[in-house]
Amino acid sequence: MSTDASTARNAGAWRGADLGTRTVAYDERDAILYALAVGARADELDLVFEERLRVLPTFALTLAQWAPDELGDRGAFDPTTALHGSQQLNVLASLPPRGEVTMTASVGEVWDKGSAAVLEVVVRSDYFVATWSLFAPGAGGFGGDRGPGKPAARPGAPTMTGRFETTPNQAALYRLTGDLHPIHIDPAAASRIGQPRPILHGLCTLGAAVLDVARLIGAHPADLRSLDGRFATAIFPGDDAELRVFGEGREVTFEMVRDGKPVIANGAAGFDESERRQ
């Protein structure tokens, strides 16, 4: 559903809107498919083997994807042009290998950027709180607060660096976890948003970055307790990038850079203490 002029002028009226409650069921196959889609290796048995399975916390974002989709379906923005600006995740409890998760969703802040609006979608459950920040071209100009500006560039050299690698079929695999937007599989759809070929999902990129950050600092990715990241530019399946990590211990910041341009900016991840095990 596309927005009309009236909806665009009144984007601020969506602030606080109730998006409903939904219960989503999943099992070990869903969690393992997600882990493989974001780059888990076959030898990381507690991520890919049902008898030892620890569910990656970022899997929760696939369970909650219905909420931003619901807001688009209600006409708050045009899903064909809106962009995923940033993502936050706070982990409250570990997801079991299989089960049901009941979630409630609402619209948080709505910022007026002039030519566009930024809408927050907040999803809450007993296991996590997740916040989408959605950039909606054409929905601004309603007289609202502009909100926070872009964070300053990170000063200083990284504590450690690593290579972030994707595979040519990664977007085709990740879309099976629930995000079926055609820009990730159909060249014609990608062309309509100015991309030369299908792009990798932002949440796939962020979930894969968590794995690599955890590997670099010696943490277990299933011990993730907090995550934040801004999607700066797209990356294509099969491309690689440099991952830069700042800080030490289990609380770090990070960024992903390709050809001198940030792919993920202002990243932050916190992990609980535990040993990696296979």
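Here the structure is a predicted model, which is why all the values come from computation and not from measurement.
Of the candidates K261, R258, R163, R258 is the only one forming a salt bridge (Lys or Arg N to Asp or Glu O under 4.0 Å) with D239.
Annotation: side chain of D212 is not in contact with side chain of E165 (no heavy-atom distance under 4.5 Å). Proximity of E100 to V24: side-chain heavy atoms (C-beta onward) are nowhere separated by under 4.5 Å. Considering only heavy atoms from C-beta on, Y34 stays 4.5 Å or farther from V55 through its side chain. Inter-residue side-chain proximity for T58 and L224 is flagged as met; some heavy-atom pair is nearer than 4.5 Å. No side-chain heavy atom of Q88 sits under 4.5 Å from any side-chain heavy atom of V129. F164 is listed as a side-chain neighbour of T205, based on a closest heavy-atom distance under 4.5 Å. A heavy-atom distance below 4.5 Å is not found between the side chains of T81 and I193. A 4.5 Å side-chain heavy-atom check between L89 and L61 finds at least one atom pair inside the cut-off.
Side chain of H84 to main chain of L134: no donor-acceptor pair is present (N/O by atom type, distance under 3.5 Å, no hydrogens or angles). The main-chain N or O of S226 is never found under 3.5 Å from a side-chain atom of N90 such that the two would form a donor-acceptor pair. Between the side chain of Q87 and the main chain of T131, a donor-acceptor pair closer than 3.5 Å is present. Within the 3.5 Å criterion, the main-chain N or O of T167 finds a donor-acceptor partner in the side chain of Q170. Of the possible polar contacts, one joining the R146 side chain to the K113 backbone as a donor-acceptor pair under 3.5 Å is found. Side-chain N or O atoms of H201 include one that pairs as donor or acceptor with a backbone N or O of D179 at under 3.5 Å.
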Begin from the C-alpha positions of R29 and D27 and carry the test salt bridge (Lys or Arg N to Asp or Glu O under 4.0 Å) through to its verdict. CA-CA 6 Å; R29 289 191 179 191; D27 62 18; 5.9 Å; no

Please test L71 against W132 for side-chain contact (heavy atoms from CB on, under 4.5 Å), starting from the C-alpha separation and ending with a verdict. CA-CA 11 Å; L71 184 59; W132 276 252; over 6 Å; no

Can V118 and V110 be said to form a side-chain contact (heavy atoms from CB on, under 4.5 Å), step by step? CA-CA 6 Å; V118 173; V110 180; over 6 Å; no

Check the pair L243, M160 against side-chain contact (heavy atoms from CB on, under 4.5 Å), reporting the backbone distance first and the verdict last. CA-CA 8 Å; L243 184 64; M160 59 192 79; over 6 Å; no

Using side-chain contact (heavy atoms from CB on, under 4.5 Å), reason through L95 and V101 one step at a time and then give a plain yes or no. CA-CA 9 Å; L95 289 165; V101 178; 3.8 Å; yes

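Here the CZ-CG distance, from R225 to D272, works out to 5.0 Å after rounding to the nearest 0.5 Å. Rounding to the nearest 0.5 Å gives a distance of 5.0 Å between CE of M103 and CZ of F128. Here the CG-CZ distance, from L63 to R22, works out to 12.0 Å after rounding to the nearest 0.5 Å. We find the CG-CD1 distance between L176 and I185 to be 8.5 Å, quoted to the nearest 0.5 Å. Here the CD1-CD distance, from I217 to E248, works out to 10.5 Å after rounding to the nearest 0.5 Å. Distance check: C204 SG to L173 CG gives 8.0 Å after rounding to the nearest 0.5 Å.
Residues F59 and Y26 bring their aromatic ring centres within 6.0 Å.
Minimum heavy-atom separation, G270 to E251: CA-OE1, 3.6 Å. What you find for G229 and L206 is that their closest heavy atoms are CA-CD1, 4.5 Å. Minimum interatomic distance between A117 and F142 (heavy atoms only, all atoms of both residues): CB-CE2, 4.0 Å. Residues T177 and A37 share a closest heavy-atom pair of CG2-CB, 4.4 Å. Looking at every heavy atom in both residues, A40 comes nearest to L211 through N-CD1, 3.5 Å. A82 and P137 get closest at one heavy-atom pair: CA-CD, 4.0 Å.
Hydrophobic clustering places V252 together with M256 (ILVMFWY residues linked when any side-chain heavy atoms are closer than 4.5 Å, directly or through intermediates). F135 and I235 sit in two unconnected hydrophobic clusters of ILVMFWY residues. Membership requires side-chain heavy atoms under 4.5 Å apart, directly or through other members. Residues L33 and L45 fall into different hydrophobic clusters, defined by Ile, Leu, Val, Met, Phe, Trp and Tyr side chains chained together at heavy-atom separations under 4.5 Å. By the rule that hydrophobic residues join a cluster once side-chain heavy atoms approach within less than 4.5 Å of another member, L36 and V210 end up as members of one cluster. Cluster annotation: L119 and V122 are assigned to distinct hydrophobic clusters (Ile/Leu/Val/Met/Phe/Trp/Tyr, side-chain heavy-atom contacts under 4.5 Å, transitive).
Environment of CZ in R124: sparse, with no more than 12 heavy atoms of neighbouring residues, nucleotides or ligands closer than 6.0 Å.
No side-chain donor from either of Y127 and S94 sits under 3.5 Å from a side-chain acceptor of the other. Side-chain contact, T104 with T21: no donor N or O sits under 3.5 Å from an acceptor N or O.
With a 6.0 Å cutoff to the six-membered ring centre and a 45° limit on the axis angle, R197 counts as a cation-pi contact of F236.
With respect to R250 and D223, no salt bridge is recorded, no charged nitrogen being found less than 4.0 Å from a carboxylate O. A salt bridge links R215 with E44: the distance from a Lys NZ or Arg NE/NH1/NH2 to an Asp or Glu carboxylate oxygen falls below 4.0 Å.
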